[in-house]
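Report on the structure given below.
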Amino acid sequence: MNIELITHQPMWLFAALLLMKFFLLLAVPLPESWHGDAWDYVGKARYLYEHGTFPEIRKGPDEEEPFRTADFRPPGYHFFISVFIPLGESNAEIARSVRIAQFGLDAVTTTLLLLIAYSFHPALGYRWFAAFILGLQPWTGAFIVAIVPETLTTILTVVGVLLLSFFVTWDGALRQAMALLGASLLLSLTFIIRPEMILFTFVLLAASILYAVRSQPARNHVLFLVIAALPFLGVIGANMAYRFHAADEIAIFGARPGSSPSGLGLWTGTWIAPQTIKEEIVFGPLRIGPNRFAELPSRMFSDESERDKLLKVVSGVHARGFMNAEDDQMFLKVARERMDRDPLTYYLWQPLYAAGNSWLNLSNAAHYLYGFSHLPRPVSKLLTAAFFGFKLLVLALFLYGVYRIIVELRSRSPEQWYLLFMLLGIGLALMRTLFFSFYYRHAEYRYTTIVWPFILLVALFGVSAIWTSLTHRSGQPLVQARDPIRT
């Protein structure tokens, strides 16, 4: 039988699963109005389309509403959305166009991951398994139906890190320079979309350059630094130009969002609970309302008198329609008292829980959940549990994959591009988890989307090691095939 035909048979399964995702996406109702972050992204995109420039940012919030959302987002995702407005200007038409585009981006990302995974093992059975896992998994495209920038950031990050791995492992200064230029450009574009990516882009570029030039002449050190710096500084300049035009200020990014008052946000860090509960409290602010606030578990309060005191504040905010500085000061006072009594919860246990909860949760893609909702409730609950089990399996295989990478590195340096690609991805996943859990202290589930491709690929690397072990034990011959990606 033709080896090429055997090798490409799993692609049909992968394509069928992508088609299923596409039909699920089309089934999700289109919005009549915008909620959450979408109102900001689409509003500025419309303004950009109509006027050819971004709107000015108002200088400050209304005195009676000091915690309305500040304009802090960089302009990249707004520009992305504006590209699709000529296809239809209504809310539903914009949502449909963006969803289809984001599905396409995720399809390209997962196809690239599958081709990389093919290079781990030539056995046909392994490649069927890899096609099934990458086709079915919901996490890389968890937000393709939402107006949020995660999907766009993900593909730029994955391709950028892939080019970085080529830069380090390729021979020849010219080939290295071209790979580094592409990597720096794509990774730098991520922080005109998501502001925190400026930190991770800098670390990834710096670490890769330091490793690549360790045995090269000094002139290459300067050459690579200049090549990496040009796109990086160029995107910083673009962000600063946007802030100067829109807000008349000299800054790379705007201030953190005013929708997260300091006292209220600090108070939610003094007790342990899933991120979804904290978001109901911080967003709005106090979107949770007095009735549901009164039902919060007792561990979130020192005693009933503290609950009653804060409940009065929440009731006042609900009646007034907004939160003022005096309300926030009450939460700040309570938070500081709790931190003095129990500093470990705030500084250690809660961030550790947030880090774990950002990975171990029931969150799935919105289009999957919408599909589940049309099934009988027992079936829907069973599928939700099954996908949680699927997530646990992938994370366990990821840990085993990390172990196998360590074993590989004991016997060789990371000169294989795929090993370096996974190492950089593991580093990025660790940095983002620590950043959002311990520093930013607000770890939304969607913040893991950008690094799920690396988690899945390392997991499949672990599977390839298991496959090799089982195949050799059984004495079955390995099917030989070309690596799908040649460097």
- Tell me, yes or no, whether the heavy-atom count around Phe372 atom CZ, taken from other residues, nucleotides or ligands under 6.0 Å, exceeds 12. yes
- Considering all heavy atoms, the nearest Phe421-Ser165 contact: N-CB, 3.7 Å
- Item | Between Phe454 and Phe398, ring centroids under 6.0 Å | no
- Item | Aromatic ring proximity Phe79/Phe54, centre distance under 6.0 Å | no
- Picking from Phe129, Tyr118, Phe120, what satisfies side-chain contact (heavy atoms from CB on, under 4.5 Å) with Ser464? Phe120
- Evaluate side-chain hydrogen bond (donor to acceptor under 3.5 Å, both in side chains) for Glu93 paired with Ser90, printing each intermediate quantity in order. CA-CA 5 Å; Glu93 289 169 327; Ser90 70; 3.1 Å; yes
- Heavy-atom pair of closest approach, residues Leu392 and Leu360: CD2-CD2, 3.4 Å
- Query: Salt bridge check: are Glu196 and Arg432 linked by an N-O gap of less than 4.0 Å?
  - Reply: yes
- Query: Between atom CD1 of Ile192 and atom OG1 of Thr153, what is the distance when rounded to the nearest 0.5 Å?
  - Reply: 11.5 Å
- Message: Pair Glu279, His442 - check side-chain hydrogen bond (donor to acceptor under 3.5 Å, both in side chains), show working.
- Response: CA-CA 9 Å; Glu279 289 172 10; His442 182 73; 4.7 Å; no
- Query: Would you call the rings of Phe103 and Phe22 parallel, tilted or perpendicular, where under 30° means parallel and over 60° means perpendicular?
  - Reply: tilted
- Message: Please evaluate residues Glu408 and Gln416 with respect to the criterion side-chain hydrogen bond (donor to acceptor under 3.5 Å, both in side chains), reporting the C-alpha separation (whole Å), side-chain torsions for both, the decisive distance (0.1 Å), and the verdict.
- Response: CA-CA 10 Å; Glu408 286 278 323; Gln416 287 75 22; over 6 Å; no
- Message: For Ile466, is there any backbone N or O sitting under 3.5 Å from a side-chain donor or acceptor partner on Ser469?
- Response: no
- Note on the structure: Nearest heavy-atom approach of Phe84 to Ser97 is CB-CB, 3.7 Å
- If you measure from CG on Asp106 to CG on Leu18, what distance do you get to the nearest 0.5 Å? 7.5 Å
- Audit row: Leu456, Gln137, side-chain contact (heavy atoms from CB on, under 4.5 Å) steps and yes/no: CA-CA 9 Å; Leu456 289 160; Gln137 60 81 25; 3.6 Å; yes
- Message: Looking at Arg243 and Asp248, is there a salt bridge between them, counting it only when a charged N and a carboxylate O are closer than 4.0 Å?
- Response: no
- For residues Arg46 and Glu89, report the shortest heavy-atom separation together with the two atoms involved. NH2-O, 2.8 Å
- Item | N-O pairing of Asp40 and Lys44 below 4.0 Å | yes
- Give a yes or no on whether the backbone of Ala107 and the side-chain of Thr110 come within a donor-acceptor separation of less than 3.5 Å. yes
- At what distance, to the nearest 0.5 angstrom, does CZ of Arg96 lie from CG of Leu26? 8.5 Å
- Item | Criterion side-chain hydrogen bond (donor to acceptor under 3.5 Å, both in side chains) on Glu444 and Tyr447, from CA distance to verdict | CA-CA 6 Å; Glu444 290 187 44; Tyr447 294 161; 3.2 Å; yes
- Message: Looking only at the aromatic ring of each residue, does the gap between the centers of Phe461 and Tyr400 stay below 6.0 angstrom?
- Response: no
- Item | For the student: nearest non-hydrogen atoms of Ala177 and Phe224, plus distance | N-CE2, 4.1 Å
- Message: Return the CD1 to CD distance between Ile144 and Gln102, rounded to the nearest 0.5 Å.
- Response: 8.0 Å
- Query: Is Phe435 atom CZ crowded by more than 12 heavy atoms from other residues, nucleotides or ligands, each under 6.0 Å away?
  - Reply: yes
- Distance flag, aromatic centroids of Tyr77 and Phe80, threshold under 6.0 Å: yes
- How many angstroms lie between OG1 in Thr140 and CD in Glu150, if you round to the nearest 0.5 Å? 12.5 Å
- Item | Rounded distance (nearest 0.5 Å) linking atom NE2 of His367 with atom CG of Leu24 | 6.5 Å
- Message: I'd like to know whether the aromatic ring centres of Phe72 and Phe253 sit less than 6.0 Å apart in this structure.
- Response: no
- Query: Counting N and O atoms only, with roles assigned by atom type, does the side chain of Asn91 sit under 3.5 Å from a partner on the main chain of Pro31, one being a donor and the other an acceptor?
  - Reply: no
- Message: Does the Lys NZ or Arg CZ of Arg441 fall within the cation-pi geometry relative to Phe436 - under 6.0 Å from the ring centre and within 45° of the axis?
- Response: no
- Message: If I compare all heavy atoms of Leu204 with all of Leu164, which pair ends up nearest, and what's the gap?
- Response: O-CD1, 3.8 Å
- Say whether Trp139 and Thr448, considering side chains only, have a donor N or O and an acceptor N or O under 3.5 Å apart. no
- Message: Heavy-atom count check: over 12 atoms from other residues, nucleotides or ligands less than 6.0 Å from Met178 CE?
- Response: no
